[in-house]
Amino acid sequence: MSDETLPKAYAPAEAEKRWYEFWESNGLFAASMAPDDDRPTYTIAIPPPNVTGTLHMGHACRTTFEDVLVRYHRMTGHNALWIPGLDHAGIATQVVVERLLKAEGTTRHELGREKFIERVWAWKEKSGGRILQQLRTMGASCDWDRTAFTMDPDLAVAVRESFVRLYEEGLIYRGTRLVNWDVTTQTVLSELEVDQQEGVVGELFEFAYPVVDKDGAPVEGIAEVVVATTRPETMLGDTAVAIHPDDARYTALHGKFAKHPFVDRLVPIILDAELVDMAFGTGCVKVTPAHDPNDFATGKRHDLEEINILNLDGTLNDEGGPFAGLERFAARKAVKAKLEEIGLFRGSKKHTMTLPKSQRSGTVVEPMISTQWFVKMEPLATPAIEAVENGSVQILPQDWEKTYFHWLRNIHDWCISRQLWWGHEIPAWYCEHEHVTVSRETPTKCAECGAAPLRQDQDVLDTWFSSALWPFSTLGWPNETPDLKRFYPTQDLETGYDILFFWVARMIMMGLHFMGEVPFKRVLLAGLVTDERGEKMSKVKGNVIDPLDVIYGATLETLLEKAQFNGAKPGGLNYLKKTYKEGFSEHGTDALRMTLLSYSPQSRRIALSLKRIEGYRNFSNKLWNAARFSLMNLGDSDAVATGVAPEPTALANKWILSRLARAIETSRSGVDGYRLDEASGALYHFVWDELCDWYLELSKPLLADGADPAIKAETEQTLVHVIETTLRALHPMMPFLTEEIWQKVPRSDDLGKHRDPSKPRSIMVARYPVADIDGRVDEAVEAEFEVVRAALAGANTIRSQQGTSRAETFSALVYFTKDERAATVLEANREVVVGVGNFAELRRGADDDAVRSDPTAAFFTSGGIEFFVPGAIDLEKEKERLAREIKKIEKELGALTNKLANAKFVDNAPPEVVDKARATAAGLEEKKTQFAAALTRLG
RNA sequence: GGGUGGGUAGCUCAGCGGUAGAGCGGCGCCUUUACACGGCGCUGGUCGCAGGUUCGAUCCCUGUCCCACCCACCA
């Protein structure tokens with residue numbers, strides 16, 4: 001150990017790969033299934049990434065957060081299980097594979113369903129494998145043997161079981177509805193895949209329908225009814241014109257009809273208070289049940305005919321009459337022109353609206369009517385609301401509860417069928433009489449009439465249907481497996497807030513329904529990772545950052561190529577060029593993890609900044625070098641870390657143990673309270689500001705060759721203990737670096753021993769530090785230390801002001817104090833102060849007027865003690881400094897004096913607040929006097 | 001239109017009733033054998049705006065203006 005010299009800088013890439021293989025090949029990630037293992041379980045089911053594409057920063061963020069929780073619990077005596085897996089992601093994946101086919105000059109239709117599905121599976125193997133590899137790169141300590149995929153046979157059984165049960169319970173039904181149709185890819189879209197593009201300026205086009213009675217004869221007193229639309233071509237599918245029942249202007253229209261100008265049809269004029277707003281437009285509304293959600297609902301209320309005028313490719317079908325065959329936008333123009341031509345055009349105005357566009361193809365989504373499967377949501381939603389109300393499930397940050405309740409209380413039935421090929425087949429079969437048979441096993445004859453053969457429903461299930469079962473389907477449900485018994489319900493579910501409805505709420509509903517128990521105790525919602533400007537990452541914007549590029553580094557050229565390949569627009573490429581002129585340097589996984597952890601979980605936006613990652617890369621190196629220093633200094637000593645705090649006598653040693661204990665406390669309370677930002681922050685500051693900046697500096701004279709052997713020995717012991725404990729505390733956040741160092745730290749054999757003696761020792765399975773065991777809080781020591789710190793900090797200030805090098809020895813440090821305790825502390829730590837401050841000597845000068853009046857003596861005051869460094873200063877600079885100090889004090893003092901002069905404050909504020917203010921004021925007053933005196937002394 | 005979150009140092013963000021914090025940046029000094037991916041020091045803020053509650057408000061309340069996101073709707 002002793003003669004091993006660490007390189008000057010930490011090289012993460014090689015170490016990370018090595019340790020990950022070590023952990024995985026030794027089975028250290030696996031949860032224990034031993035019957036005698038009675039440790040409490042801690043389980044997280046991963047939010048399964050889509051098998052499309054590669055992981056992005058959002059995944060990196062989630063993976064890190066979850067891995068910290070899992071590793072922490074593993075180290076605090078839990079049987080920890082993290083279930084990894086992937087989602088088949090229905091449409092997203094199908095679209096990607098279709099794009100590949102297009103590049104090959106073929107289509108899924110040419111290929112046929114079976115061959116196409118084979119192709120998707122091949123894609124899944126490739127893409128899914130890459131994603132799982134990325135998770136490993138991030139350090140995810142998943143139990144890989146349990147890797148699940150939403151299309152696995154086991155999970156298919158769960159899907160079928162739940163579908164059939166819900167059907168039998170009357171919670172799944174078939175109904176005719178409007179779906180979002182993408183005419184380019186010719187598939188339905190889920191709500192998720194529809195982007196609402198706001199602020200599109202369109203045209204509100206008005207035209208007239210001639211009014212007739214039921215026999216087609218003109219109506220006396222009213223010749224026409226004027227309606228408005230942004231989509232004139234849909235008038236071909238109009239099956240009613242609606243007016244408000246209370247609208248006095250149109251009583252003559254009640255019971256009458258509109259004559260369709262293009263197709264041979266009389267359109268009834270109906271009364272509907274729900275659809276019609278009397279104040280809007282003409283107060284007359286054309287109703288196209290087959291192509292508009294509101295009209296569809298209106299059609300249901302009035303039992304209107306639903307006429308679909310479109311083919312699946314977006315051209316007009318035969319219902320379009322003279323316009324049949326035209327593409328929908330061409331048809332729009334043609335209908336408008338024709339209406340003008342025959343004199344029914346009644347005006348047009350600009351109209352700002354929101355257009356639903358397909359996230360996949362960018363085309364305007366077309367509402368189309370079709371028969372779909374639905375889940376009746378209300379009976380499922382009620383218990384899910386209760387579960388959060390009564391605290392069975394806790395949502396963090398809590399603000400999200402409101403959103404959750406709002407959605408569940410206004411829930412719509414869930415359309416679960418999709419006209420795709422990639423997904424779980426719907427276990428429903430039809431006979432020649434269109435009777436439906438829903439069954440767990442493939443049926444041979446119709447359940448209703450016994451007819452055969454049967455044909456299976458061609459549709460597949462929404463990808464979220466299988467995701468909703470995730471927390472228990474991955475544990476073997478519907479079988480009553482030992483896994484299910486041991487690990488359900490899981491503890492925490494961590495994910496982005498964007499899928500609170502699509503996934504989280506549905507898991508709660510399904511978990512309660514099928515397991516009778518919530519699927520997880522806590523929902524942790526993370527913010528969205530955005531670029532440095534705070535804009536959402538998207539391929540088109542070119543601002544998607546691949547975690548691997550940050551970890552391993554990437555040149556600007558590589559970044560640009562990648563962005564271009566992913567379809568970035570020129571603006572996006574410019575952003576990249578401007579923001580990342582130099583590309584990315586190598587940062588390492590641990591640095592990225594620390595960065596992601598440092599953002600508050602409260603914020604909705606995580607505007608990832610490269611500078612911040614660099615800061616943590618530097619921190620990795622800092623920690624590395626602290627270890628390097630320690631190992632070098634431990635040299636031939638026989639100090640070993642034992643996992644128990646030593647009992648040193650030197651102030652610095654006692655102090656660092658006290659600070660260590662506090663850091664551990666904060667770290668623990670931070671993780672326990674899901675404030676990983678606070679936990680990681682506490683350790684960061686402990687390592688950098690206390691361990692490195694102060695303790696390591698102070699330990700140098702104690703470890704020096706000529707030092708007191710007893711002190712040297714206890715310092716070595718303290719040093720090795722503090723380093724080893726710090727590594728354990730940081731391990732959940734920085735797994736690779738900590739293991740790399742820890743394995744080199746001299747330590748006793750029982751540290752990091754696995755339950756299974758055949759497995760190697762690892763920090764992964766070591767005990768997480770406990771404040772009272774690994775450290776020792778000591779208020780008195782901390783107070784004493786402040787005196788030493790003050791003396792040395794003052795010396796630093798002077799050195800810096802005067803521009804003297806650290807190597808230059810000051811003649812002496814003389815101090816004046818009435819405070820005997822402080823004097824004792826300084827006296828006791830004379831060696832440290834002299835050594836670290838590089839003074840020739842330290843002495844008390846209570847009666848040394850010569851020093852006090854020496855104009856060349858640098859002066860500073862700290863903690864009520866005056867310090868002088870004779871002959872150390874540049875007079876002018878010193879004068880400037882003193883004047884500046886006095887000004888600063890006066891400003892602070894002014895505010896405080898005013899406050900204390902205020903009787904209301906003194907009378908009403910709590911006594912301790914007043915006392916504190918008085919003490920501060922007195923301290924400032926004294927300081928001011930000293931500074932003023934020093935200034936006078938300098939002339 | 002409804003809702004949610006946010007506006008704090010040049011930038012990115014913590015803090016949320018008792019004299020404003022971090023990282024990055026800027027300026028100055030220091031090539032000191034753990035680390036220049038470093039050390040030390042300094043600079044920098046009427047805590048969006050206007051009222052109110054309070055002895056005291058960045059923090060609580062009301063209003064208001066911006067920004068982001070979500071939901072609904074726009075015939």
Side-chain angles (χ1 to χ4, degrees), chain A residues 6 8-10 196 204 206 227-231 234 241-242 275-277 280-288 292 294-295 351-354 397 399-400 402-403 406-407 410 497-498 500-501 527-528 530 532 534-536 585 587 591 598-600 602-612 614-633 677-678 681 684-685 692-693 696-697 700 793 795-808 838 881 884 892-893 895-896 899 902-910 912-914 916-917 920-921 924:
Chain A
L6 271 48
K8 250 180 143 173
Y10 172 54
Q196 300 294 336
L204 192 61
E206 296 188 347
V227 296
T229 180
T230 52
R231 297 160 61 206
T234 61
V241 170
L275 178 71
V276 183
D277 174 0
F280 190 92
T282 58
C284 305
V285 184
K286 62 188 276 306
V287 183
T288 323
D292 180 275
N294 287 317
D295 294 3
H351 183 66
T352 308
M353 57 190 173
T354 308
D399 317 325
W400 287 106
K402 279 183 233 162
T403 316
H406 183 260
W407 188 71
N410 298 287
Y497 63 77
D498 49 330
L500 178 62
F501 306 143
L528 239 49
T530 66
E532 313 228 359
E535 287 187 24
K536 218 165 158 172
S585 54
H587 297 93
S598 72
Y599 288 92
S600 164
Q602 318 275 24
S603 63
R604 294 196 168 186
R605 258 182 2 177
I606 296 175
L608 192 67
S609 128
L610 199 66
K611 285 286 179 194
R612 196 150 166 171
E614 272 168 25
Y616 284 103
R617 190 263 322 266
N618 296 352
F619 174 71
S620 305
N621 197 241
K622 190 75 181 171
L623 180 60
W624 173 260
N625 274 289
R628 183 163 167 258
F629 168 85
S630 307
L631 295 180
M632 276 164 61
N633 274 284
D677 55 326
E678 288 175 4
Y684 174 93
H685 287 292
C692 292
D693 287 352
L696 294 189
E697 290 307 319
K700 284 173 185 173
N796 279 335
T797 306
I798 288 166
R799 199 190 298 280
S800 184
Q801 299 293 345
Q802 310 307 332
T804 41
S805 129
R806 191 73 190 267
E808 284 176 61
N838 203 11
R881 182 180 74 89
R884 219 169 39 229
E892 284 174 33
L893 201 56
L896 259 182
K899 200 170 173 179
N902 184 348
K904 285 177 181 170
F905 167 69
V906 179
D907 295 344
N908 295 309
E912 64 269 24
V913 172
V914 179
K916 202 180 146 200
T920 313
L924 286 172

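Each chain gets a letter, A, B and so on, in the order the sequences are listed, and its residues count up from 1.
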Practice task
Specify the separation, in whole Å, of atom NZ of Lys402(A) and atom C1' of U4(B).
Solution key: 7 Å
Exercise for the section: Classify the nucleic acid contact of Glu678(A) as base, sugar-phosphate or nothing, counting any heavy atom under 4.0 Å across all strands shown. Expected result: nothing
Problem - Per Cys692(A) side chain, nearest of listed nucleotides C13(B), A34(B), G5(B) - result: A34(B)
Exercise for the section: For Arg612(A) and Ser598(A), indicate whether the former's side chain and the latter's backbone hold a donor-acceptor pair under 3.5 Å. Expected result: yes
Problem - Donor-acceptor pair under 3.5 Å, Lys8(A) side chain vs C35(B) base - result: no
Practice task
For the pair Tyr684(A) and Phe619(A), name the ring-plane relationship: parallel under 30°, tilted 30 to 60°, perpendicular over 60°.
Solution key: tilted
Problem - Mate of A50(B) where both pairing distances stay under 3.5 Å, Watson-Crick or G-U - result: U62(B)
Exercise for the section: Using only side-chain N and O atoms of Asn618(A), determine if any of them is under 4.0 Å from OP1 or OP2 of G38(B). Expected result: yes
Practice task
Using modelled atom types only, decide if a donor and an acceptor are shared between the side chain of Asn625(A) and the backbone of Ala9(A) within a distance under 3.5 Å.
Solution key: no
Completion exercise
With the side chain defined as heavy atoms from C-beta on, Lys904(A) is closest, among A34(B), C37(B), C55(B), to C55(B)
Practice task
Confirm from the modelled atom types if Ser598(A) and G23(B) form a donor-acceptor pair under 3.5 Å, side chain to base only.
Solution key: no
Practice task
Decide yes or no, distance alone: a donor-acceptor N/O pair under 3.5 angstrom between the base of C40(B) and the side-chain of Ser800(A).
Solution key: yes
Practice task
Could you tell me the separation between the CG atom of Asn625(A) and the C1' atom of G38(B), rounded to a whole number of Å?
Solution key: 9 Å
